[in-house]
Amino acid sequence: MQYNHLDIEKKWQKFWKENQTFKASNESDKPKYYVLDMFPYPSGAGLHVGHPLGYIASDIYARYKRHKGFNVLHPQGYDSFGLPAEQYAIQTGQHPAKTTEENIATYRKQLDAIGFSFDWSREVRTSNPEYYKWTQWIFIQLFDSWYNKDTDKSEDVSTLIKIFKKEGNANVKAVSDEEITIFSADEWKAFSKIEKEEILLQYRLTFLSDTEVNWCPALGTVLANDEIVNGVSERGSHPVVRKKMTQWSMRISAYAQRLLDGLEKIDWPQPLKDSQTNWIGRSQGAMVSFNVDTGSEKSSSELKLTYKELEVLKELRQNLSKAETSLWDELKNKKGASKFRKKYTIGTFLVDYVCIAKNIIVEFSGKEDEAARTEFFNNEGFNLIRFTNEEVIENVLGVVSKINSAIQFPKAIEKTESKNSVTSSPVKKSYKIDVFTTRPDTIYGVSFMTLAPEHELVSKITTDAQKVAVEKYITATAKRSERDRMADVKTISGVFTGAYAIHPFSEKKVQIWIGDYVLANYGTGAVMAVPCGDQRDYDFAKHFEIPIPNIFEGVDISEVAHTGKDGTKIANSDFLSGLKYKKALKLAIFEMEKRGFGYGKINYRLRDAVFSRQRYWGEPFPVYYKDGMPQMIEAEHLPIVLPKVEKYLPTEDGKPPLGNATEWAWDSRGKKVVSNDKLKNKTVYPLELNTMPGWAGSSWYFNRYMDATNSKEFASKESLEYWKEVDLYIGGSEHATGHLLYARFWQKFLFDKGIVPVDEFAKKLINQGMILGTSAFVYKTTAFVRNGCGCSDEKSNDDILNKIPTVIVSKNLFSSDDEFESVVKNYLLDNNFLNPNFADLIMITKTALHADVSLVNTSDELDVEAFKNHALNSEYKNAEFILEEGVYKVGREVEKMSKSKYNVVNPDAICLAYGADSLRLFEMFLGPLEQAKPWKTSGISGVSSFLKKLWKLYFNGETFEVSDEAPTKDALKILHKTIKKVEEDIENFSFNTSVSTFMIAVNELTALKCNTREVLTPLTVLVSPYAPHIAEELWSLLGNKESISAVDFPVFEPKHLVESAKNYPISFNGKMRFTLELPLDLSKEEIEKRVMENEKTITQLEGKNPKKLIIVPGKIINIVL
RNA sequence: GCUGAAGUGGUGGAAUUGGUAGACACGCUGGACUUAAAAUCCAGUGGUCAGUAAUGGCCGUGCGGGUUCAAGUCCCGCCUUCAGUACCA
């Protein structure tokens, strides 16, 4: 009987399906093992041979583990939300759900044809409402949580509210928005509902924030950096501007340190861990504040105070009343934006206290000129609060809390139209610039500062003289995308703001510049420039002729900056001089903390993740807006299902596609989505119009497989407790800083909340390498008339060229462009396409053109007729082909497999021609799993003939015939050698070498003519994970009724491999000359004797005496001459 | 630039702890079978030199050094390719 892969594979695929062979149970006496693939996005193009590589590897491992007695969970599903389906919908009006459904059907058919042992009863689809119901639920959990730095985990917001009620927020250590205002418990209680919600939003793990994004007005959407090319949109080349938009964000930064720490306990590839480490980008340094110089000349011209008056004021500053002192004791502790200054001059007035960042003035009442003061301060944009002396002395805390609430919720200021505008000239306020530096030790090397052009202080500190230049520069940079700016590293650009900062230690003035090498969204968007120690600062300083002070001992900085840290001593740096990096760093931080303008800080590159997309085909948020504040819809009303829309484009007024929905309002009383008409009602509110990004659904799907059909819970406690985590996860390395980081983040969050039992979701991960395509090329001519040829008449040129057909030349007919030209010219002349008189006028160039690989056979020969008639080659229908030895040979090149390169190989065709088992074996045989490797279909004949040989072992001609005789010693040796190697290989994920081991075994058993049951039975099980269909068939032919899938793996018995002799390589000076068979039980002395008396040894020695004799028993003998 | 991975025949790739480099395949060459082709089977196949031949010599794992009885494997210094990331202060 011949091996017929078509019948066998169909038969067993049907058997597995009908018998639910691979259905995993959540209860078992066996140990559990969870093997997972990264689920695919079902694209319209279907699978190519590169996609199943990882699935085959994981399938082999899953099947192997079943043989080894494990209860294996091996599920599959679809990451089915995504852009391509949406774009198709925009073009065709087809609902993305429909396209997605169709694509999934194709995928399923293709996957089934390869014979995977997936438990399809647990399939998930991220676009299925029954699935995204729980994605929405997790979003709500994130919204309801805050990160407590004290317990170092996420906690419910209710615990935060409890603290607020008890003691306010002064002692709360949380990962939150920056610039949080401090309030007391009483103040908290006094806040309105909306005020409370605003405050809580600053703490929640998912929160609304104004984020700078790439906005494309023409497309009405935000674009990711990689969707922008040369400053315009990739699609349609529309201009893109940077814009602040309110977006949902995820506070992944809260988990930065734990995401780093967690890497140590998971068995993931080092390169992948490295790229996550880089991405998180922890750097240790210090935050330093530089005060902006207010400019003494300017203030003196504005302040109409006489010298004498100033003297009086100074005195007042030092002599405070009791009430003043007591209030100042409270106010002086305020930090950041709420910082207060005392006895400060605003205009011509000296105010008691002022918070400049929040525009609040606090004064004692009873001053003579109160009315004039109020009018002036209000016109300057200040809020004014007055207290009496008595109020302060009796209840200073009450006063402070009133001040706090004024800071938190400033009242609108009523400006009076002042008739006498004497005092209306703008007042120079005081600002400070915060910077982060990893080198606080070099602070004395600061000779200027640079702000990002977007920095909020830029407009405030720029002097009138520099205003025009600065504005010009800002508009110029705003036009460039962030990526653009970053790509262009060479051009140094920047503008001086005219303002100066005060060096906190030396108190010298340093210039403040803006420059686009400083990024607005990294660190604070400002740097202290140390040109002698940083190359970018150095280049900037050189370019703009800013001084470059040298603060390194004995280092030449005339050409480049000195960026090394170790071994160099700091110089010219006051108290830091003479110290080395480590000590200087510590001392610098210590000093700044002591003096109060800086502190040690760890900074992470990792940014909070923007979670809103202006797309249709994604998870809707379970969010509606009441009085502008986001409200979560209660979990029991989920899922909030995507509404129907007429158009999938953004609305005309720039709202996301969901803005087109007519039924997209939340009835908070009826607890359901209702028509937008009802928005007039008091209890009906608008729903969120953004949708979630692609990574939402994929960040937790591995948990859902554990209990995929549960409609009451995300997954039951028992199932989560049983399966715990993925034991083996296989997928591409392209997800290193996307999916794999977000999924770890969500898992840690879910762990903190007690929802999942482990905080890392995948114990071991393997990245499969990409399978590359082998593209085929044909070489096409383009003919030109040489310039300066003497034919001035354009028309005659055209005539000559028109007669020349497109010529396509076989690959081996030329080795250079010149040769190509002469081959083509000779052909044209021979065939009268070209007049010999014009031959020298014509120039021929070569273009390589992709040819569809399906038109090329395994010997690189092109089917010329098929090529001409191919739908894509209509322009070459009449082309002339120059053949070599009667055939056209194509050129080959290895490239990424892609539709546009016509090098895609479809697995269906392979399954049909060679069978799924051949495909599985061949994909593994190509090379190491982790490595990128080119696909060449021709190689599949090797594994295909292996399967035929394997089959033949069990047959005598047409009949199945297996002998029950005892196997020979040699046959047993082959078997056990194979068991050992295959088992080791699978454990090490070295699938390619076990395929060769099978080939060797089958070749050797064939040579021995071995067909004993005792050898063939275990051999069938060995092969089964790799080639399950043929294994099942042979297994049933061997007389078994049950599937082979759960049969015990053969046990290796070392006794069959025990050798009595070894064929020793005998080498001279390390070079092997001949081999010598010697018994293994010989002593070293006996070996030496036998080797030395051997005549081949004597010949090699040529009468010389060996200097040394190395004998490693069982391995090698080396004679040193 | 930084980080990581990798360089072995015509090709994909093997080679355990340093111990016979090129397993297993593809391709190619020759042969058998066939009217022919496909399929199948057999033999050969790193380069080079010598020899009618059997066989033997030399050279060979990106390059240059080193350690060692012995290096594809370990160490030092380069080169190249691929991947990720990028003005990260």
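Lettering of chains follows the sequences in order, A, B, ..., and the numbering in each one begins at 1. Because only heavy atoms are used, hydrogens play no part in the values below, and waters and symmetry mates are left out as well, while side chains stay in.
Stem analysis of RNA chain B (at least three stacked-register Watson-Crick or G-U pairs, each with both distances under 3.5 Å) gives B:1-7 with B:79-85, B:10-12 with B:24-26, B:27-32 with B:40-45, B:46-50 with B:55-59, B:62-66 with B:74-78.
The shortest distance between the side-chain N/O atoms of A/R1073 and the OP1/OP2 oxygens of B/A70 is not below 4.0 Å. A sub-4.0 Å separation between OP1 or OP2 of B/G13 and a side-chain N or O of A/K933 is absent. Contact check, A/R536 against B/C88: a side-chain N or O comes under 4.0 Å of OP1 or OP2. Between A/Q931 and B/G13 there is a side-chain polar atom (N or O) within less than 4.0 angstrom of OP1 or OP2.
Across every non-hydrogen atom of A/L576 and A/Y444, the tightest pair is CD1-CD1, 4.1 Å.
Taking a cutoff of 4.0 Å between a charged side-chain nitrogen and a carboxylate oxygen, A/E1088 and A/K1084 do not qualify as a salt bridge.
Only one option out of A/D534, A/T568, A/T442 pairs with A/H562 in a side chain to side chain donor-acceptor pair (under 3.5 Å); it is A/T568.
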_Worked verdict on A/D608 versus A/S253 for side chain to side chain donor-acceptor pair (under 3.5 Å)_ = CA-CA 6 Å; A/D608 283 334; A/S253 57; 2.6 Å; yes

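For A/Y522 and A/F436, the distance between ring centers is not under 6.0 angstrom.
Contact annotation for A/A932: backbone-only contact, meaning every heavy-atom pair under 4.0 Å involves sugar-phosphate atoms and none involves a base.
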*Base versus backbone protein contacts along nucleotides 20-34 of chain B [heavy-atom cut-off under 4.0 Å; B, S, -]*: B--BBSS-S------

